[in-house]
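Data block below; observations after.
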Protein chains: 4
Amino acid sequence: LKFSTSSVMAKSKFEYVRNFELDDTCLKNCYIVVRLDGRSFHKFSDQHKFIKPNDNRALGLMTRSALSVMEELDDITIAYGQSDEFSFVFKRSSNWFKRRASKLMTHVTSQFSSSYVFYWKEYFGEQPLLYPPSFDGRVVLYPSNQNLRDYLSWRQADCHINNLYNTTFWTLVQKGGLTTTQAESRLNGTQAADKNEILFSEFSINYNDESPMHKKGTYLIWEMVNESSTKKINRPNEAETEVTVTRTRKKVTAHHCDIIGDQFWEEHPDILERD
Amino acid sequence: LKFSTSSVMAKSKFEYVRNFELDDTCLKNCYIVVRLDGRSFHKFSDQHKFIKPNDNRALGLMTRSALSVMEELDDITIAYGQSDEFSFVFKRSSNWFKRRASKLMTHVTSQFSSSYVFYWKEYFGEQPLLYPPSFDGRVVLYPSNQNLRDYLSWRQADCHINNLYNTTFWTLVQKGGLTTTQAESRLNGTQAADKNEILFSEFSINYNDESPMHKKGTYLIWEMVNESSTKKINRPNEAETEVTVTRTRKKVTAHHCDIIGDQFWEEHPDILERD
Amino acid sequence: LKFSTSSVMAKSKFEYVRNFELDDTCLKNCYIVVRLDGRSFHKFSDQHKFIKPNDNRALGLMTRSALSVMEELDDITIAYGQSDEFSFVFKRSSNWFKRRASKLMTHVTSQFSSSYVFYWKEYFGEQPLLYPPSFDGRVVLYPSNQNLRDYLSWRQADCHINNLYNTTFWTLVQKGGLTTTQAESRLNGTQAADKNEILFSEFSINYNDESPMHKKGTYLIWEMVNESSTKKINRPNEAETEVTVTRTRKKVTAHHCDIIGDQFWEEHPDILERD
Amino acid sequence: LKFSTSSVMAKSKFEYVRNFELDDTCLKNCYIVVRLDGRSFHKFSDQHKFIKPNDNRALGLMTRSALSVMEELDDITIAYGQSDEFSFVFKRSSNWFKRRASKLMTHVTSQFSSSYVFYWKEYFGEQPLLYPPSFDGRVVLYPSNQNLRDYLSWRQADCHINNLYNTTFWTLVQKGGLTTTQAESRLNGTQAADKNEILFSEFSINYNDESPMHKKGTYLIWEMVNESSTKKINRPNEAETEVTVTRTRKKVTAHHCDIIGDQFWEEHPDILERD
């Protein structure tokens, strides 16, 4: 019994180590962006036979995991993803977890990572997940609406540039019969216009007709959605009747439109708070 | 084609937002501890019918996930877990990910979370995981060997105190027929000695005989392990022979001993680096 | 001679300690405010016989020191002071000292402190400075124009409240013959209106007629100022003539107006940068 | 009267801006080093005609200012200075100003800067200080005794290397008649041994005989010092007698010895706390 008593005493003796934890509160009135990137996803995508240049199963799973993050965590107003990355934007007035950076980034990363494994089967069916994948996260603060818009524009512009390159590269390999080394040197130094031209003149592919999800990536926002359901009503001395009930509720929805121009922001004035 | 060109230009125009990322390098020559805690695990354990006071399946899955973290990430020398928490200690001279706090904590959290879902079936069999669970993480730095030892002692003392309480509480409920409210008020204000006494005199349970894993938690360390394998050798004009090959390799091993006293540290001098 | 050689070698061996310095860069696109406060200035003002409630010599010296800071350091657009405190606002796009917080706050504090001693005689004449005074500094970031305006409004509102209290308190003591303890209890729980009433009905003092410097504090800004000088011109075969040359140059000027309302900001649109 | 009331209300409305201040607490159990460097002291020393290579008046004033810092601020156990820099070491267990980095570095910088002006006359006599000088400061944390010793060794090795260079350089100019450009190119690429040789063979100067203050810099520590004073005692019906009273008290003392080797640390075991 002595042992136990001394353990209680011991605990209070050790407890001073709590005070070594440093504060990492995010500056107020800034947008908090948490960005995740897949770790060693080049190797991961090879081992899991991702289709090139875009695997819709993998992109769908990324979006499904991001949806899970938005539904579980408070105060995320918009998320944007492409390839093996996803960014989550907390509203600038958020006080979730007292704005502590470590809590914000680890919760997002954790929810995303566990969801990726949890929903794997929905997107890859019988093809097994070979090992648990990993994502790294970071927090970046943006003080103004313009800064936040520029951040999201930066990621979407990056998506466009990478997708145009990858589409041309894999068309040269898959349809043009080039080796990957040949395709790489063929594209070396080319401008966007050149790549469009290669696709169009050599393979009759109009890049503008490619999938919006591949060209623009995916953003998730909260929208009011009408949901209809049928209800059976039984009143005494009356025949059963069916009525349609429409309920409006907030729901996370996925889109693949341009978020660089003004139109998106004019149509969704609630995402930004005034400077 | 114009669109693409302007997008390239746009990207460079937006790229300034990269510079909003702040540096969060950990002070050198300190032990870096990343601690994970389950989010809303009280509810999670109810929904997944965890056995009280300790569910060996759940503890095994935590340890399996921690093992996955140690094998995938560099420079973790010891990990300690109990209940729904796990701490990972990076060596003080580690330069993994340039000691950036965000990278360290999100990688640990991500690998742990995806592993938890990935290995669920190994521990819970046909009982399904109902939704993806989430863990939060934090980084704490410890400048001296004594501070690090005190941190680990703190967590193990906490394990002991909680387990003694929980063991007594659930014994009162499960064997003593008390309601949870009655058990709570019965234990209110009791010392460790009182709880030991309740267990022993009323239920003939000697707390010292309880499972070390429950009393002490679990630590993982790297150890040199001998692995034997059998090889068949065929030489020309000879009968096939079998030889046993023993290879020594570093491996993560799990234990449930005391890490508060000096003995553990004397037996494992490689975990601490000199002050 | 061996000694010297080994010292050179030694230096490179010790130089690793440089890397323990952590980065403290201020988030971009935020206003950087450095605020200084006098240390133990209650005692300092007693020992140097500051006139109560306001000593114009001391306030003048504070302003002179702040002027020295603005002239020596780049990118400060407005400074505001009252009592023994002064705030300096760096423009939000400033890249002075790479926005490193430690450099910004120590340079401001150092320049202010050395100036305070250097210019003492100009304000206190033959009354000697008894010992070197000390100020502490801090850095606070403000992400939006509104936040910055609210910060400056907060300091000016604080000035007003303190000055009304101090004016009434010292009038009760100096003209009303109360002890300081009696004055304190007389003012306990009074509102601003009550203090105005005491001053007016008992001492015929209209608080509105008090010195703007005492009621509003002092702000320093950069203004274009016309400076006229007389030049003598000698042309061959002509009588010497005198001409007045007017040159416009940027200069730090001191004011005591309201900066809470919109008027000040409309008249000085250059202080704020767009959100 | 309305104005005042609304100002009080206004203040509480603005007060939210306080919460934008971020925490910058220094990690516990680390030595906190604040280092000051003169700003633009090359120009400052030219304008104030500092003697080359070492001006004892300037070095004395630096030391006097550092002494003022040690006497005014708590918990500094050792300070080390050379040229236009000074480092102050707070004990690792210090809780002064709750270990807030900004408070620590600005207080040191402020006290040093005001002292530099305050004591100028004691060292430079009638030669006037032309303008208030400025110092910048920084905070660096050292987790172990070895790290701290290596930091101080780094600064003393730096002192030695610079002083040997400067002594040789200015001897070539002042006694050898070289221009500064010629002296610079003469020393280009030379080792410590070469410089010693130049001094010895060309100018009969044995570098080892140079002033310890110039070769080693200055450190300040707290020491127990015996202070004797004479007291006159008058007893009734006795002749007045004089007695010498010796009191032991803690005092800051300045030295110019080696602090790289072990001897210093063995003789002053109280400066370091155990790891």
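Sequence lines set the chain letters: A, B, ... in the order given, protein chains first and strands last, and positions in each chain run from 1.
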Taking it one step at a time, do B:Phe14 and A:Ile260 satisfy side chain to side chain contact (heavy atoms under 4.5 Å, CB included)? CA-CA 10 Å; B:Phe14 301 135; A:Ile260 298 179; 3.8 Å; yes
Please state whether the side chain, the backbone, both or neither of A:Leu141 comes within less than 4.5 Å of a heavy atom of chain B. backbone
One option among B:Leu152, B:Val139, B:Leu129 has the most heavy-atom pairs under 4.5 Å with chain A, and it is B:Leu129
For the atom pair OG1 (B:Thr109) and CZ (A:Phe135), what is the distance rounded to the nearest 0.5 Å? 13.5 Å
Side chain, backbone, both or neither: which part of A:Phe200 has a heavy atom under 4.5 Å from chain B? neither
Measure distances from B:Ser68 to the heavy atoms of chain A and classify the residue's part below 4.5 Å as side chain, backbone, both or neither. side chain
Between CG of B:Leu22 and CG of A:Asp24, what distance do you get to the nearest 0.5 Å? 11.5 Å
Under 4.5 Å from any heavy atom of chain B - which part of A:Leu199: neither
Counting heavy-atom pairs under 4.5 Å with chain B, the top scorer among A:Trp120, A:Tyr131, A:Tyr119, A:Phe97 is A:Tyr131
Applying a strict 4.5 Å limit to non-hydrogen atoms, the region of A:Tyr116 in contact with chain B is neither
Interface check, chain B: of A:Gly137, A:Pro143, A:Ser65, A:Ala101, most non-hydrogen pairs under 4.5 Å belong to A:Gly137
Checking the side chain of A:Tyr142 only, and the main-chain atoms of B:Val17 only, is there a donor and an acceptor separated by less than 3.5 Å? yes
Among B:Arg39, B:Glu15, B:Arg18, which has the most heavy-atom pairs under 4.5 Å with chain A? B:Arg39
Pairs of heavy atoms under 4.5 Å with chain B: top-ranked of A:Arg155, A:His107, A:Glu21: A:His107
Contacting region of A:Ser115 [heavy-atom separation from chain B under 4.5 Å]: both
Calculate, to the nearest 0.5 Å, the distance between atoms CZ and CE belonging to B:Arg138 and A:Met105 respectively. 13.0 Å
Counting neighbours of CD on A:Glu202 that are heavy atoms of other residues, nucleotides or ligands and sit closer than 6.0 Å, is the number greater than 12? yes
Interface check, chain B: of A:Asp136, A:Leu148, A:Val140, A:Leu36, most non-hydrogen pairs under 4.5 Å belong to A:Asp136
Which atoms of B:Phe112 approach chain A - backbone, side chain, both or neither, heavy atom under 4.5 Å: neither
Check: A:Pro133 main-chain N/O paired with B:Ser114 side-chain donor or acceptor under 3.5 Å: yes
Would you indicate whether the side-chain heavy atoms of A:Tyr16 and B:Asn147 approach each other to under 4.5 Å? yes
